[in-house]
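Reading through the structure tokens given below for one structure.
Naming convention: chains lettered A, B, ... in sequence-line order (proteins, then strands); numbering from 1 in each chain. It should be emphasised that the depicted structure is a prediction, and the values quoted were computed from it without experimental measurement.
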There are 2 protein chains.
Amino acid sequence: MNNNYELYKVFYWAAKTGSLTQAAKALYLTQPSVSHAIKQLEESFGITLFYRNSKGVSLTQEGVVLYSYIEKSQILISLAEEKMAALKNLDSGELRIGGSDSLFKHYLLPYLEEFHQKYPGIKLHLNHGTTPEIISFLKEGRIDLGVVRMPIVDSQLEVRESIQLQDCFVAGARYAELKDTVLSLDSLLEHPVILFSRNSRARMAITELFQSYGYTLKPEIEVGSVDLLIEFARRGLGISYVTREFVSKELEEGSLFEIHLDVPLPPSHVGIMIMRNMPLTNAASKFIELVR
Amino acid sequence: MNNNYELYKVFYWAAKTGSLTQAAKALYLTQPSVSHAIKQLEESFGITLFYRNSKGVSLTQEGVVLYSYIEKSQILISLAEEKMAALKNLDSGELRIGGSDSLFKHYLLPYLEEFHQKYPGIKLHLNHGTTPEIISFLKEGRIDLGVVRMPIVDSQLEVRESIQLQDCFVAGARYAELKDTVLSLDSLLEHPVILFSRNSRARMAITELFQSYGYTLKPEIEVGSVDLLIEFARRGLGISYVTREFVSKELEEGSLFEIHLDVPLPPSHVGIMIMRNMPLTNAASKFIELVR
DNA sequence: TGTTGTTCATAGACGTGGTCTATAGCTCCT
DNA sequence: AGGAGCTATAGACCACGTCTATGAACAACA
């Protein structure tokens, strides 16, 4: 017994409709094809499955037994096909993104909103972590894509730059006297500096910059989140090094102002990172398309 | 989406083994065929189902979803195929027979025993009833075959004679004086006669016989079962009209003796009755073969 | 009792598509 | 560098699934 499973589909419809002719219509086949298929199935089992009469067909005892299994099987396949169609047109599924809190909040949020509105059936899973954590999530297959600061050098990954950000120093009213001046690096160091506590890419970049000019950047305060970085600067606890785009609201309303330096600060690039040579889910590729 | 269900079988094995090569072996195909099949499935859904790597394949997120349905479906089909094989070689199934109590007990019992011993997996359903009841059971499909007294005239039925029986009058010790005599019909009527109460074929036949000779056979006692017919005769309540083969034990041990008449009594034929032009279950045809 | 309209079964022809072989490309391991 | 896995691709072939045409059986109905 090594049947073509296609025969079960024919059997299912013949049993369900009680008519080979009807089954043929349902399957877009001709009646002789169905007749032939049923005969094949019967011969393969050595068991008669249907009584044939002039009004159609009806299941024999054994046919009923077979049907009890095949019906469930066919229904599962139908459900599977419906599910796949739903996944295909993004009525269903999930999208798992890795990134830092601040990037989610200040960069991805509008895209996530738009995506969720457009495809409400897709469940969003946001995993935050540091860049190395995100990379390992990706390699373990726990997320579909990661959003991190560039550069990333990893031959297993494919990274596309998505937006360029500019980090800068900002301060609040307490340092108003610095507002319209241009500071040198060493004069900046006369004031307390607030940096992100974790070894972020941005912190490494600015530390290196100071070093390349022969200075050492030692923060007065280290904080664990971008929000605190902003809040501390507003309250006048020091000068924070933040991403300009993430404080645009505060800059506009004047609760923070940017401190201009006499040297250019390095730009920072955000990249969308996926596994190289691994197929993306439809949801993931749609999301990336949206962000670009 | 109008897939060949055969593709799901390939998908199932590829997912299960995590290798197209292994799946190919399991399905007695070549690896390129499996590769091609999976590709077809993926294209039909517009969804990538597997990650390919140098050690084999693994399911994508969507592939896992599909597998959760298809696995169950395939297992059901396997169970169905096993079940059909069991039905085929009579390891499983049921045999539904209609007939009278007395035929079951005195005629079919040894065959039923033998059949049950040979095929212990087949459930036996014995439905007793009168001949018309048995016929309607058969037409309703509630039994596979009926065992009844002939003749049966019904174009929908096919009846095969299986054994010839002889009805006769028997009496117990009380009527010992009749033992070695030959009675005429009218002298028999001088004694109380015990008949089967229901309008059985045997009763009709003997009544007609008396009528054809100008006598009227009126039973002194009517009883509802063949066992009672025998028991009443043994206790000397009268002369019972029974099937000789059903009282062979009593005749041998001498608790009953046959009354010889000067006219021949009509023989009675037992037939096995099935629906004409309806396929039999394997169990039913095996049983009929056994009885013949 | 023939007629008509169903049903399923059978025969034979056709052509698609599933399967094969051969080969390439890739990764990992020795 | 070579070998041993794995999957992908290309191209050829032929089996088999599907078709059309027809037959046979049966039911309903005039």
Side-chain angles (χ1 to χ4, degrees), chain A residues 1-44 48-60 63 139 141 154-158 275-279, chain B residues 1-44 48-60 63 139 141 154-158 275-279:
Chain A
M1 164 154 22
N2 199 10
N3 270 326
N4 189 318
Y5 282 15
E6 200 66 4
L7 297 179
Y8 293 122
K9 181 158 59 181
V10 179
F11 168 78
Y12 172 66
W13 283 96
K16 191 179 173 181
T17 61
S19 155
L20 304 194
T21 306
Q22 291 306 310
K25 281 179 189 162
L27 296 164
Y28 304 103
L29 293 175
T30 58
Q31 171 269 317
S33 298
V34 172
S35 180
H36 184 231
I38 297 298
K39 183 165 220 183
Q40 264 190 291
L41 204 56
E42 289 181 326
E43 280 173 3
S44 81
T48 306
L49 298 170
F50 287 102
Y51 298 117
R52 277 79 163 169
N53 52 54
S54 59
K55 319 186 113 170
V57 295
S58 60
L59 289 167
T60 62
K139 288 186 181 175
D154 191 314
S155 65
Q156 288 183 61
L157 303 180
E158 189 179 320
M275 288 295 284
R276 184 181 300 282
N277 296 330
M278 283 285 193
Chain B
M1 166 156 19
N2 199 12
N3 269 327
N4 189 318
Y5 281 17
E6 199 66 4
L7 297 180
Y8 293 122
K9 181 159 57 179
V10 179
F11 168 77
Y12 172 65
W13 283 97
K16 191 179 172 181
T17 61
S19 154
L20 303 195
T21 306
Q22 290 306 310
K25 279 179 189 162
L27 296 165
Y28 304 103
L29 293 175
T30 59
Q31 171 268 318
S33 298
V34 172
S35 179
H36 185 230
I38 297 298
K39 184 165 218 182
Q40 263 191 292
L41 204 56
E42 289 182 326
E43 280 173 4
S44 81
T48 306
L49 298 169
F50 287 101
Y51 298 117
R52 277 81 163 168
N53 53 55
S54 61
K55 321 188 114 172
V57 296
S58 58
L59 289 167
T60 62
K139 289 185 179 173
D154 191 315
S155 64
Q156 287 184 63
L157 302 180
E158 189 179 320
M275 289 294 285
R276 184 181 300 283
N277 296 329
M278 282 285 193

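Of the possible donor and acceptor atoms, none in the side chain of B/Thr48 sits under 3.5 Å from a partner among the backbone N and O of A/Pro279. Counting only distance, with no hydrogens or angles, the side chain of B/Glu42 and the backbone of B/Leu49 share a donor-acceptor pair below 3.5 Å. With hydrogens and angles disregarded, no donor-acceptor distance shorter than 3.5 Å links the side chain of A/Ser35 to the backbone of A/Gln31.
The side chain of A/Thr21 places an N or O atom within less than 4.0 Å of a non-bridging phosphate oxygen (OP1 or OP2) of C/dC8. When the side-chain nitrogen and oxygen atoms of B/Ser54 are compared with OP1 and OP2 of D/dG5, none of them lie within a distance under 4.0 Å. Applying the 4.0 Å criterion to OP1 and OP2 of D/dT9, one finds that B/Lys39 has a side-chain N or O inside that range. Between B/Lys55 and the phosphate of D/dT7, there is no side-chain N or O to OP1/OP2 separation shorter than 4.0 Å.
The listed nucleotides are C/dC8, D/dT7, C/dC20; the one nearest the side chain of A/Arg52 is C/dC8. Of the listed nucleotides (C/dG18, D/dC19, C/dC29), C/dG18 has the atom at the smallest distance from the side chain of B/Gln40. Closest to the side chain of B/Ser19, out of D/dT7, C/dT27, D/dC19, is D/dT7. The A/Thr30 side chain lies nearest to D/dC19 when the options are D/dC19, C/dC20, D/dA8. Comparing atom distances between the B/Gln31 side chain and each of C/dC8, C/dT19, D/dT7 picks out D/dT7 as nearest. With C/dT10, C/dT19, D/dT9 as the choices, the nucleotide that has an atom nearest any side-chain atom of B/His36 turns out to be C/dT19. Taking only side-chain atoms of A/Pro32, from C-beta outward, the nucleotide of C/dC20, D/dT20, C/dC8 with the closest atom is D/dT20. Taking every side-chain heavy atom of A/Ser33 into account, D/dT18 is the closest of D/dT18, C/dT21, C/dC29.
Rounded to a whole Å, the CG atom of B/Leu7 is 12 Å from the P atom of C/dG17. Regarding B/Leu29, its CG atom lies at a distance of 16 Å from the P atom of D/dA15, rounded to whole Å. Rounding to whole angstrom units, CZ of residue A/Phe11 and C1' of D/dG17 are separated by 20 Å. The CG atom of B/Leu41 sits 17 Å away from the C1' atom of D/dA8 (whole-angstrom rounding). Residue B/Leu27 contributes atom CG, which lies 15 Å from atom P of C/dG18 at whole-angstrom precision. One interatomic measurement links the two molecules: CG of B/Asn53 to P of C/dT27, which rounds to 11 Å at whole-angstrom precision. Whole-Å rounding puts the B/Glu6 CD to D/dC16 P distance at 12 Å.
Heavy-atom neighbours of B/Lys139 NZ from other residues, nucleotides or ligands within 6.0 Å: above the threshold of 12.
Salt-bridge check for A/Lys9 with A/Glu6: passed, with a basic side-chain N closer than 4.0 Å to an acidic carboxylate O.
Two residues, A/Gln22 and B/Ala37, neighbour DNA chain C, and the one matched to the more 5' nucleotide by heavy-atom proximity is A/Gln22.
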